Amino acid sequence: MHFHMKRIKTDILILGSGGAGLFAALHAHQHDPSLSITVAVKGLLGKCGCTRMVQGGYNVALAKEDSVERHFMDTIEGGKWLPDQDLAWTLVSVAIERIRELENELGCFFDRNPDGTIHQKAFAGQTFDRTVHKGDLTGIEIINRLAEQVWARGIDRLEEHRAVEIIRNRKGDAISGVLMIDMRTGEFVFVEAQAVLLATGGGPTMYKYHTPSGDKTCDGMAMALRAGLRLRDMEMVQFHPTGLIAGPDTRITGTIIEEGLRGVGGHLLNGAGERFMHQYDPRDERATRDIVSRGMYQQMREGRVSPRGGLYITMRHLNPAMVRKEFKGMVERCADCGFDLVSGLVDVVPTAHYMMGGVVFRADCSTDLPGLFVAGEDSGGVHGANRLGGNGVANSTVFGGIAGDVLPGWVRAHGAFSAPDEDAIAAAVAACRAPLDRPAGDLSPIRERLYDLMWDDVGIVRDAASLGRAEGALDELEAQLDATGVNGANLAFNLTWHDWMNLKNLILVSKSIRFAAMAREDSRGAHFRSDFPDVRDLENSRYTCVTRTDGRFDIAMRPVAFTRVKPGETLIPEEHAA
Ligand SMILES: Cc1cc2nc3c(=O)[nH]c(=O)nc-3n(C[C@H](O)[C@H](O)[C@H](O)COP(=O)(O)OP(=O)(O)OC[C@H]3O[C@@H](n4cnc5c(N)ncnc54)[C@H](O)[C@@H]3O)c2cc1C
């Protein structure tokens with residue numbers, strides 16, 4: 001079957017314009033300016049995604065007393081021995097090169113010490129103060145400089161273009177391109193490419209409280225599942241302890257105030273005004289995100305909540321001038337919501353922040369599907385069971401840059417335009433258009449139900465009973481969505497239609513999270529099973545690997561290869577261990 005649709009050809013197609021997508025575009029262009037490179041993005045280039053929202057900063061071992069080995073061990077131990085060690089090593093070692101590039105080639109200004117060295121602040125879960133930052137709005141600095149460089153080069157842009165399906169070639173053995181929707185008109189567009197980078201940035205926006213930008217709905221992971229790719233560590237969803245509670249009718253609720261507040265000594269209080277973190281970890285508020293979020297959730301379950309249903313963070317025992325200077329952005333954000341961060345109490349709740357899981361990939365960003373590469377939050381395996389604050393933007397810029405280094409060579413050696421499977425395009429168009437043929441309904445109750453069920457049953461604490469309940473509930477919700485129509489009279493910026501597709505992807509990826517969470521019968525990092533509360537058998541660590549074939553999920557538990565260090569060992573020389 002043939003549809004009338006726009007068709008475009010480009011050598012390299014990059015999906016997403018966060019740190020991963022923009023770095024990939026710049027590096028690929030540097031390596032071979034004769035290639036046509038196109039960045040396609042659901043929003044506007046430089047204005048969407050989560051890299052722009054990075055507050056705290058970027059982890060990198062720069063200080064004399066710090067080391068790559070120490071950063072590596074923090075990453076592995078924080079990730080509870082589940083990270084792929086070669087990917088984690090690449091992260092910590094290439095981060096040094098990348099931060100220099102950001103400063104010296106792209107012109108980012110990071111905060112400095114009086115002696116001229118880069119200032120590095122404390123982030124929770126790390127044994128060294130290694131987080132490079134620009135005040136508390138680091139991401140804006142990084143994305144603005146990257147976007148300027150992309151604009152200044154001959155890199156093509158498809159803005160407000162939403163990728164909907166990865167399309168294989170006719171033989172099915174390699175990628176042909178990506179089906180998209182031009183959101184401005186509603187028109188379908190097929191972009192044929194020799195190589196594609198998936199960098200749509202995951203984003204656990206299926207939870208009641210969540211931090212990522214509104215354009216992120218796990219589209220990349222959903223497309224990867226439908227394309228038959230393997231997703232690992234999907235049960236590992238990170239909750240950030242301090243999401244704002246700013247009322248039910250504002251999207252500010254769930255967005256975070258940054259971790260550095262706890263790093264410099266901020267206190268968490270329950271509804272009765274008492275500190276409580278000492279009950280859960282000797283590091284108090286500076287424990288890793290999983291532990292702090294769980295402690296908070298426990299207090300909430302026991303009913304020690306504020307009138308708004310959450311808990312509090314306070315800085316009022318610290319030097320007000322320091323708080324105002326170091327956390328200017330956070331002070332202003334809180335003031336916008338009616339809170340006084342310097343001398344008052346701010347209502348907070350744990351909020352779904354980051355997916356450690358994602359598409360299985362190699363250190364050169366290649367995947368199981370020839371021609372498809374992945375980088376950033378869409379990928380899995382770098383962080384294991386927990387991501388350290390500051391390792392997220394390092395991940396997207398390190399691996400985005402690597403993808404950009406690898407893609408031109410790959411295109412020269414193996415690339416080819418290969419005609420798409422037209423039936424697959426037709427099926428994907430039909431799937432997207434399905435709600436337009438039905439009477440329009442209301443998507444809000446479906447979204448609210450998804451938020452609640454993921455928060456209650458597949459959230460910070462899970463067990464077999466809650467995960468079992470969620471299985472039926474997700475199936476029912478999908479059936480309800482499939483029966484709900486959308487008014488398709490005007491497809492230009494038809495946000496209800498896009499919301500329908502967003503929910504379709506979120507439900508699919510939620511199912512993979514639930515499925516992996518059911519399979520992992522121990523507790524590690526972000527995954528806590530109240531029926532299997534212990535961290536077990538680190539020496540025989542296995543990671544989950546989900547695939548989906550003909551609508552059915554399958555799971556494999558694969559052994560982690562301890563290629564550099566085993567549990568109980570360290571790479572840090574004894575004389576540096578203190
Ligand atoms: C509020 C907040 C604060 C954070 N603070 C820190 C921090 O201090 N330190 C740290 O290390 N990490 C932090 N993170 C995490 C960090 O932002 C991410 O790990 C990282 O930036 C992800 O980069 P990315 O390039 O993979 O994705 P993103 O930067 O999210 O970019 C994804 C891109 O894909 C596009 N896209 C999505 N779907 C589609 C589609 N279907 N078709 C086309 N395009 C699509 C989006 O529009 C966007 O352009 C923070 C995250 C948030 C939300």
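Positions are given from 1 along the sequence. Fair warning: this is a prediction, and the values are worked out from it, not measured in the lab. Start at 1 and go down the list; that is how both ligands and their atoms are numbered.
Nearest heavy-atom pair across P204 and P212 is CD-CG, 3.6 Å. Heavy-atom minimum distance, R7 versus P420: NH1-CG, 4.0 Å. Here the closest non-hydrogen pair linking T10 and S36 is OG1-O, 3.1 Å.
If you look at F373 and F361, their ring centroids are not closer than 6.0 Å. Here the two rings, on H383 and Y354, have centers that are under 6.0 Å apart. Separation of the Y207 and F239 ring centroids falls under the 6.0 Å cut-off. A centroid separation of 6.0 Å or more is found between the aromatic rings of H353 and H210.
Polar contact check, S17 against ligand 1: a nitrogen or oxygen pair lies under 3.5 Å apart. The shortest N or O to N or O distance between G21 and ligand 1 is not below 3.5 Å. Of the polar atoms of A394, none of the N or O atoms is found under 3.5 Å from an N or O of ligand 1, judged by distance alone. Residue T51 has at least one nitrogen or oxygen atom sitting less than 3.5 Å from a nitrogen or oxygen atom of ligand 1, judged on distance alone. Taking any N or O of G389, backbone or side chain, none lies under 3.5 Å from an N or O belonging to ligand 1. Residue T211 places no N or O, backbone or side chain, under 3.5 Å from any N or O of ligand 1. For A375, no nitrogen or oxygen atom sits less than 3.5 Å from a nitrogen or oxygen atom of ligand 1, counting backbone and side chain alike. An N or O contact shorter than 3.5 Å is missing between M223 and ligand 1 by distance. At least one N or O atom of D219 sits closer than 3.5 Å to an N or O atom of ligand 1. Considering both main-chain and side-chain atoms, G49 never comes within under 3.5 Å of ligand 1 through any nitrogen or oxygen pair.
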Inset, instruction - Starting from the C-alpha separation in whole Å, work towards a yes-or-no answer on side chain to side chain donor-acceptor pair (under 3.5 Å) for N144 and K47. - result: CA-CA 9 Å; N144 284 358; K47 304 288 182 209; 5.2 Å; no
Inset, instruction - Start with the C-alpha gap between R153 and Q149, add the side-chain angles, then the distance that decides, and say whether side chain to side chain donor-acceptor pair (under 3.5 Å) holds. - result: CA-CA 7 Å; R153 286 168 172 71; Q149 296 298 323; 2.7 Å; yes
Inset, instruction - Might you work through the side chain to side chain donor-acceptor pair (under 3.5 Å) test for T217 and N505, ending with a clear yes or no? - result: CA-CA 7 Å; T217 49; N505 286 343; 5.0 Å; no
Legend entry - Candidate pair D11 and Q194, rule side chain to side chain donor-acceptor pair (under 3.5 Å), full reasoning: CA-CA 5 Å; D11 295 320; Q194 305 200 49; 3.0 Å; yes
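Of the protein's heavy atoms, H353 CE1, 3.6 Å lies nearest to atom 50 (C) of ligand 1. Of the protein's non-hydrogen atoms, the one nearest atom 44 (N) of ligand 1 is K42 N, 3.1 Å.
Contact annotation: T255 has no heavy atom less than 4.0 Å from any atom of ligand 1. Put simply, part of R387 is less than 4.0 Å from ligand 1, judged by heavy atoms. Residue R52 places no heavy atom under 4.0 Å from ligand 1. Ligand 1 does not have L15 within reach: every non-hydrogen atom of the residue lies 4.0 Å or more from it. Residue contact check for ligand 1: H161 places a non-hydrogen atom closer than 4.0 Å to it. For the pair G57 and ligand 1, a heavy-atom separation below 4.0 Å is found.
Of all the heavy atoms of Y58, none lies under 4.0 Å from any atom of ligand 1, so neither backbone nor side chain is involved. Only the side chain of K216 comes within 4.0 Å of ligand 1, judged by heavy-atom distances. Counting heavy atoms under 4.0 Å from ligand 1, residue V54 touches it through both backbone and side chain. When heavy-atom distances to ligand 1 are checked against a 4.0 Å cut-off, A199 comes that close only through its backbone atoms N, CA, C and O. Under 4.0 angstrom from ligand 1, the non-hydrogen atoms of S396 all belong to its side chain.
The distance from ligand 1 to the heavy atoms of G392 drops below 4.0 Å at these ligand atoms: 10 (C), 11 (O), 12 (N), 19 (O). For ligand 1, the atoms lying closer than 4.0 Å to a non-hydrogen atom of Y354 are 19 (O).
Using modelled atom types and a 3.5 Å distance limit, the side chains of D219 and T200 yield no donor-acceptor pair. Side-chain contact of R387 with N395: a donor-acceptor pair under 3.5 Å is absent, judged by distance alone.
For atom 27 (O) of ligand 1, the choice among G201, G243, G260, A20 with the nearest heavy atom turns out to be G201.
Looking at heavy atoms from C-beta onward, L158 lies out of side-chain contact with V39 at the 4.5 angstrom threshold.
With L491 as reference, R433 is the one residue of R433, E187, M183, R184 to meet the side-chain contact (heavy atoms from CB on, under 4.5 Å) rule.
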